[in-house]
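All remarks here apply to the structure that follows.
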Amino acid sequence: MSTPLERWVDESARLTKPSKIVWCDGSKAENDRLADEMLRDGTYIELNQKTRPGCYLHRSNPNDVARTEGITYICTRQKDDAGPTNNWMSPLEAKEKVRPLFDGAMKGRTMYVVPYILGPVNSPFSKVGVEITDSPYVVASMRIMSRMGQAALDRLGGSDDFVPGLHSLGDLNPDRRFVLHFPEEKLIWSVGSGYGGNALLGKKCFALRIASYMAREQGWMAEHMLILGLEDPSGKVTYMAAAFPSACGKTNLAMMVSALENSGYRVWTVGDDIAWMHIASDGSLRAINPEAGFFGVAPGTNAKTNPNVRTALQHDAIFTNVAMTATSREPWWEGINGLPQEELINWKGEAWKPGMGPAAHPNSRYTVSANQSPSISAHWEDPEGIPISAIIFGGRRARVAPLVYQSRDWQHGVFVGATMASETTAAATGAVGVTRRDPMAMIPFCGYNMGDYFRHWLEMGSRLENAPKIFHVNWFRRDRSGKLLWPGYGENVRVLKWMLDRIEERADATETPIGDVPAPGSLDLDGLAIPRESLDELLRVDPGDWTEEVAATGKFFEKFGNRLPDEIRTEHKALADRLQRSSVVTK
Ligand code: OXD
Ligand code: MN
C-alpha cells in the first residue's frame with residue numbers, strides 16, 4: 001500500500017516526467033554531493049574555501065531576482081475570499097492554465113522530493129511540508145531554511161498531514177512564471193522562477209500564505225515578523241515580535257548588537273522573518289520561528305549594521321547575486337566596507353567598473369543557518385515557543401510616522417497595524433521608493449481576504465488574557481534636507497528599552513492623537529549625541545500630515561467593503577476626531 005506522499009510524488013512525476021527521482025534525507029553527505037554537482041554545472045561558483053569553507057555563490061537568471069507579486073495568485077473558489085489585495089484565479093482555471101507548463105517540465109532533469117518541518121522538530125505547533133523541485137539550489141537552500149529530510153519523513157509517517165508544493169524552474173521565461181496557492185486544499189504550485197521567495201516553497205508560500213489561512217481556521221496567527229528577546233541588566237529576557245515590510249531591516253534588528261550592552265541590555269535572536277503565534281493555556285501569546293535559517297538582504301550589511309551576521313557568514317552559506325572579488329574570491333556588495341582592493345566581478349559575472357551600476361544586485365541575498373549567529377537565543381527551539389510581550393509594527397517613511405508610539409490598547413493596535421504603510425524596496429519587482437499601504441507587512445503574504453484578517457486579529461485579542469502591548473516604529477524619518485534623523489541599527493535598542501519600560505510601567509509617555517510617544521527624558525539617550533531638534537522632529541506628530549494620512553487610509557479601507565470590521569471603522573473615526581481636537585497632554 002502506498003502512502004499519500006508516495007501517491008502525490010508518483011502523480012507529479014507522471015506530469016513532469018523527470019529522468020530521475022531523488023528523495024532527500026537532508027544529510028551532509030547529500031548536501032556535499034549536490035554542491036559538487038552544482039559546481040560542475042555552474043549553478044554554484046566556488047568562493048574562497050580557505051576563508052569561507054562551505055560558502056558558494058549562485059547567480060540567478062537576471063530576469064529572476066526578486067519576488068514577483070504580479071504573477072502570485074490566491075486561488076480560492078470565491079474571488080471575495082482572496083480579497084481585494086490579492087491576485088485571484090479560480091482553482092479550476094489556475095490548474096488548467098498552469099498544468100501544461102508542468103507537463104514534461106522536468107524532462108532530462110532530476111526531481112528532488114524535499115520533506116521539511118516548519119518549526120522545531122519536536123514542537124506541537126510545527127507543520128510538515130513536502131516540496132518537489134527540479135532545482136538543486138532550492139534543495140540546498142531548503143536544507144538551511146527548514147528542518148529538511150529524514151526528520152520530516154519520520155514526523156509524517158504514512159499520514160496525509162503535509163502541505164504539498166510542486167516547483168519547477170520551467171524555462172525561466174517571465175511570461176510562463178506563476179506562483180499559485182490553493183489555500184482551501186493547502187496546495188502550492190510554482191513554475192518558472194528559481195528566486196527564493198518564489199521557489200523555496202516553505203517560506204512565503206507555506207509559512208505565510210497557506211499558514212495564515214490555516215491559522216485563521218485553527219485560531220492562531222502566521223505573521224511576517226521577526227522575534228527577538230531583550231535581556232535587561234537583571235538577566236530577565238522579554239520577547240517582542242516585529243512586522244516590517246521586506247528589506248526594511250528585520251534581520252538586522254533581530255540580530256542587533258545593542259548599543260546599551262555596557263548597561264546590561266542585550267538582544268537575542270529567535271527569528272528574523274516569520275512568527276507563528278498561539279494562545280497558550282495561561283492566555284499568553286507564544287511564538288515559534290517556523291524557519292531554521294536567514295535569507296537576508298546582503299547590500300548594506302557590514303560590521304556596523306550587523307556584526308553577528310558577518311560572523312555567521314564565515315562558513316556554510318549560500319550567496320545569491322552578490323559580486324565577488326576577482327582574485328581572492330570573497331563575496332562583495334555595496335555597503336560592505338568601502339571599495340574593494342581588487343577587481344570585482346559583478347552579480348551577472350562581468351568584470352565590473354564604476355559607472356556600470358551596482359556590482360551586487362540590490363536584492364542580493366545570503367542564506368545561512370540561524371544557529372551560526374552568535375546572537376541566537378538559547379530558547380529559539382523551545383517546543384512551546386516563547387511568550388510575546390510586545391508587538392511592533394513599522395515601515396519605511398521619510399515623513400509622517402514618528403520614531404515610536406504606543407497604541408492605546410489591542411483594538412487600536414490592530415488599527416495601527418492595518419494602517420501601516422512603507423516605501424517599496426527591491427525585494428519585489430516594480431518601482432522602488434513608492435509609498436504603499438502594507439497592513440501588518442502582510443500585503444504580499446496574506447492567503448485570504450485582509451478584511452477577514454483584521455477580524456481575526458481582533459478575535460485573537462479578545463481571547464488573550466495578557467495581550468502584548470502594540471507599538472509602531474519608524475527608523476527612516478528624514479529632515480528637510482533628506483538626511484536620516486535616527487542612527488538606527490544598534491541604537492534601535494534604545495527604543496526597545498523604552499517599550500520594555502512601558503511594559504514594566506516605568507516609563508512616561510506623552511499622549512498624542514495617534515498614540516503615546518516617549519515623554520521628554522524617558523528615552524535612554526545616554527552616550528548618543530543627537531541634537532535636541534532632531535529628537536523633537538523624530539517624535540513630532542504633525543496634524544496636517546496625519547489628516548492626509550487619515551484620508552489615505554480611509555480610501556484604502558473602502559476596498560474591503562463590508563468585509564472591513566466595524567471596530568476598524570470606529571478606530572478610524574476616533575483618530576479623525578482626536579486629530580481635529582488635537583491637544584497634547586502629558587500623562
Ligand atoms: C523576504 C521578503 O525575503 O520578505 O523575506 O521578501
Ligand atoms: Mn520577509
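Bear in mind the structure is a predicted one, so any value in this text is a computation, not a measurement. Hydrogens, waters and symmetry mates play no part in the numbers below; they use all other heavy atoms, side chains included. For ligands, and for the atoms within them, numbers begin at 1 and follow the listed sequence.
In this structure, the protein non-hydrogen atom closest to atom 6 (O) of ligand 1 is Arg67 NE, 2.9 Å. Scanning all protein heavy atoms for the shortest distance to atom 5 (O) of ligand 1 gives Lys204 NZ, 2.9 Å.
Between the side chains of Thr76 and Asp81, no donor N or O sits under 3.5 Å from an acceptor N or O. Checking Asp438 against Ser422 by side-chain atom types alone, no donor-acceptor pair falls below 3.5 Å.
Every atom of ligand 1 with a heavy atom of Ser246 under 4.0 Å away is listed here by number and element: 2 (C), 4 (O), 6 (O). Heavy-atom contacts of Arg365 reach the following atoms of ligand 1: 1 (C), 3 (O), 6 (O) (cutoff under 4.0 Å). Against a heavy-atom cut-off of under 4.0 Å, His224 is close to the following atoms of ligand 1: 4 (O). Against a heavy-atom cut-off of under 4.0 Å, Asp273 is close to the following atoms of ligand 1: 5 (O).
Relative orientation of the Trp457 and Tyr453 rings is perpendicular, given thresholds of 30° and 60° on the angle between their planes. Classified by interplanar angle (parallel below 30°, tilted 30° to 60°, perpendicular above 60°), the ring pair Trp189/Phe102 is perpendicular.
A donor-acceptor pair is defined here as one N or O able to donate and one able to accept, closer than 3.5 Å; such a pair exists between the side chain of Lys250 and the backbone of Phe244. Formation of a donor-acceptor pair under 3.5 Å by the Arg365 side chain with backbone atoms of Phe295 is found in this model.
Under a cutoff of 6.0 Å and an axis angle of 45°, Lys204 and Phe445 form a cation-pi pair.
In terms of polar-atom proximity, Lys203 is not counted as a contact of ligand 1, lacking any N or O under 3.5 Å from an N or O of the ligand.
Taking the Mn ion (ligand 2) as the corner point, the angle from Lys204 atom NZ to His224 atom NE2 is about 90° (rounded to 10 degrees).
Nearest to the Mn ion (ligand 2), among the N, O or S atoms that Asp273 has, is OD1.
Neither the backbone nor the side chain of Lys250 comes within contact range of ligand 1; no heavy atom lies under 4.0 Å. Under 4.0 angstrom from ligand 1, the non-hydrogen atoms of Phe445 all belong to its side chain.
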